[in-house]
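When a residue number appears, it is its place in the shown sequence, counting from 1. Note that the structure is a prediction, hence the values are computed from the model and not measured.
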Amino acid sequence: MTEGGLKYLKKLVWEVHELQDKAEGLKTRIQNLYRYEEDVLDWDAHMQLSHAGAAMKDAVPCITDALIGLQKAYKVEKELLGK
C-alpha cells in the first residue's frame, strides 16, 4: 500500500471508531426512550422501538469487528512500509 493509502486507511480506522462510539450511544438512547423516559402509548410503537434497540445492539459488535479488521490491516501495511 502506498503511504497515501496508509493515511487513508488510518482515517477510516478513526471514522469507524467514532461510528462505534456513536452506535453504542444511540443504542442506549433508543433503549432508554422506550424503557424509562417516555410513556409509549401504542403497543406497536413500543415493539418497533424495542426492535430498533435490538438492531442497534446487534450493530455494535459488527462495527467492532470492522474496526478490528481495519486496525489489523493498518498494522500489517504499516510494518511492510517500515514505519
Seminar exercise, completed: CG of L33 to NE2 of H46, rounded to nearest 0.5 Å, is 10.5 Å
Exercise. What heavy-atom pair brings I30 and L49 nearest, and what distance separates the two atoms?
Worked result: CG2-O, 3.6 Å
Exercise. Could you state the interatomic distance from CD (E18) to CD1 (I63), rounded to the nearest 0.5 Å?
Worked result: 12.5 Å
Problem set entry | Separation between CG of L80 and CE of M1, rounded to the nearest 0.5 Å | 10.0 Å
Exercise. Are V60 and V13 grouped together when hydrophobic residues (ILVMFWY) are joined by side-chain heavy atoms under 4.5 angstrom apart?
Worked result: no
Exercise. How far does NZ of K78 sit from CG of L9, to the nearest 0.5 angstrom?
Worked result: 11.0 Å
Exercise. Could you give the distance from OH (Y34) to CZ (R29), rounded to the nearest 0.5 Å?
Worked result: 15.0 Å
Problem set entry | Other residues, nucleotides, ligands: >12 heavy atoms within 6.0 Å of H17 NE2 | no
Problem set entry | Shortest non-hydrogen contact from K27 toward K57 | CD-CA, 3.5 Å
Problem set entry | Single-linkage hydrophobic cluster, 4.5 Å side-chain cutoff, L67 and W14 together | no
Problem set entry | Value rounded to 0.5 Å, distance of NZ in K22 from CE in M56 | 9.5 Å
Exercise. When hydrophobic residues are tied together by side-chain contacts of less than 4.5 Å, even through go-betweens, does L6 share a cluster with I68?
Worked result: no
Seminar exercise, completed: Besides W43, the hydrophobic cluster formed by Ile, Leu, Val, Met, Phe, Trp and Tyr side chains linked at under 4.5 Å, directly or via other members, contains M47
